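Only one structure is covered here, and it is reproduced in the block below.
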Number of protein chains: 2
Amino acid sequence: MGATVRDPVTSHRVLDHALTLFAERGYHGTALSEIAGALGVRTPSLYNHMRSKHELLESIVDTTTAGVLADFHAVHDEGGEPPDVLYRAARVYAHRHATHRREALVVNRDTSSLDEPVRGAMQARRREHEHALRAVISEGVERGVFHVESPALASFAIRELCVSIARWFSEDGPLSADQVADQYAGFALRIVGCAPDS
Amino acid sequence: MGATVRDPVTSHRVLDHALTLFAERGYHGTALSEIAGALGVRTPSLYNHMRSKHELLESIVDTTTAGVLADFHAVHDEGGEPPDVLYRAARVYAHRHATHRREALVVNRDTSSLDEPVRGAMQARRREHEHALRAVISEGVERGVFHVESPALASFAIRELCVSIARWFSEDGPLSADQVADQYAGFALRIVGCAPDS
DNA sequence: TACGGTCACTAACGAGCGTTAGTCAGCCCA
DNA sequence: TGGGCTGACTAACGCTCGTTAGTGACCGTA
């Protein structure tokens, strides 16, 4: 048999393996030597495909939080009544956390390791998402279709509920990402006291 | 004025400052020198009050997960119908995550840094809590008082919902731990499709 | 065949980590 | 007054980390 050939190392593959290991052991708990090892390469070779370990974390956080906001605005722009908007917003947020588990785990765990300005940008995006979702809930409450004492509390609950999917979801489990997202979007409506149509 | 006297360093205070810093920066992200600095002491002096950095993490995880189970069994043993049991179980779990934020953050973040047998013991306790809560939900579904497609999914949702309180709760916020716990226990009942009595 | 670019390598760095050893000041109690 | 315990200190250890420098093998192109 011929010599086994290693897959070519690209910046994309470096980021991918970093993502897996950061999600598993945390940013500080992951050594560059482990990322290199997973790629079948020595540590300094990584620097042909990245600028620093920190840059890996920053790019993960940056693209992920930007994606969350883009998702939200996409479904929000479709319009509709508060229950429809909330359902779609929760659904897409839940779905992302099932299909992008590693990204979510890293963002929610290693934010404190970020420096400015990336950290501030991330918090701003998080706040924007939070306030936008809260506005949807508040509107539903005003229209009498949602029933919660505190829209802020319900917003926290729904967001964190979806985030937590990343902590237990498995592609090999009994439910697909779509199924879980649907169920969780239903939970979101229940949390705000909106009775299902069916 | 006289010389300022430093509070006496005790193993309890070491653990307390470790808890704060672990929760803030993560286990691997916290250096013993930072814990020592917070106590106004040099790093090696810590070893008069602890055995190792790892032991700090282990004792945090151990006492916290044991406390969660003790809480659950206490309210479970009071008996009652599934809605009552679920409400109380969610309430005490939520309450703990508001009053023991740091512990919860560390347990949910740095579990992967544990070695056996502590890690296995922690997972076993987590599974026990998970299965016990799921059993309550399943019973409610069988009796027709809860309405969920998957008790497992609802159980995950409720547990993680409560856990997430640790991520945003503040003692200085508008709601007390008791108020948040009550609201979240209500969310739990809504998630399982159990209409409120009032 | 000669050239230039790509990229993995070895070697080495400075810094920081957790931890241990050994010293010494302060205190309680006989 | 003296002895022993407590506990903080300095110094130093071995190790691992992220990162840089410099070398050379490979490969497509002229």
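So you know, we letter chains A, B, ... as the sequences are listed, proteins then strands, and number each from 1. Since the model is a prediction, treat every value here as computed from it, not as a measurement.
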Counting heavy atoms from C-beta on, name the nucleotide in C/dG18, D/dG18, D/dA8 closest to the side chain of B/Leu32.
C/dG18

What about the rings of A/Tyr184 and A/His95, do their centers lie closer together than 6.0 Å?
no

Pairwise 5' ranking along DNA chain C for A/Pro44 and B/Glu34, keeping only the more 5' one:
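Closer to the 5' end of DNA chain C: A/Pro44.
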
With the threshold set at under 4.0 Å for non-hydrogen atoms, list the residues of residues 48-58 of chain B touching DNA chain C in residue-number order.
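Under 4.0 Å from DNA chain C: B/Ser52, B/Lys53.
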
Euclidean distance, atom [atom1] of residue [X] to atom [atom2] of [N] [Å, nearest integer]:
X: B/Leu46; N: D/dT10; atom1: CG; atom2: P; answer: 14 Å
X: A/His28; N: C/dC17; atom1: NE2; atom2: C1'; answer: 13 Å
X: B/Arg42; N: D/dA11; atom1: CZ; atom2: P; answer: 10 Å
X: B/Tyr47; N: D/dC13; atom1: OH; atom2: P; answer: 17 Å

Looking at side-chain heavy atoms only, is the closest gap between B/Thr111 and B/Val106 below 4.5 Å?
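When only atoms from C-beta onward are counted, B/Val106 and B/Thr111 do not touch, as no gap falls below 4.5 Å.
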
Taking the side chain as every heavy atom from C-beta outward, state whether A/Trp168 and A/Val180 have any pair of such atoms under 4.5 Å apart.
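Yes - at least one pair of side-chain heavy atoms lies under 4.5 Å apart.
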
Output yes when at least one side-chain N/O atom of A/Ser45 is less than 4.0 Å from OP1 or OP2 of C/dC9, else no.
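Yes, because at least one side-chain N or O of A/Ser45 sits under 4.0 Å from OP1 or OP2 of C/dC9.
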
Pairs satisfying ring pair (Phe, Tyr, Trp, His ring centres under 6.0 Å), at least one member in residues 23-66 of chain A, at least two apart
A/Phe22-A/Tyr27, A/Tyr27-A/His54

Sequence-distant partners of B/His17, ring-ring contact (aromatic ring centres under 6.0 Å, His included), two or more places apart
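B/His17 satisfies ring-ring contact (aromatic ring centres under 6.0 Å, His included) with no residue once adjacent residues are dropped.
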
To the nearest 0.5 angstrom, please state how far the CZ atom of A/Arg101 sits from the CZ atom of A/Arg96.
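The CZ atom of A/Arg101 sits 15.0 Å away from the CZ atom of A/Arg96.
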
Answer with base, sugar-phosphate or nothing: what part of the nucleic acid does A/Thr10 contact at a heavy-atom distance below 4.0 Å?
nothing

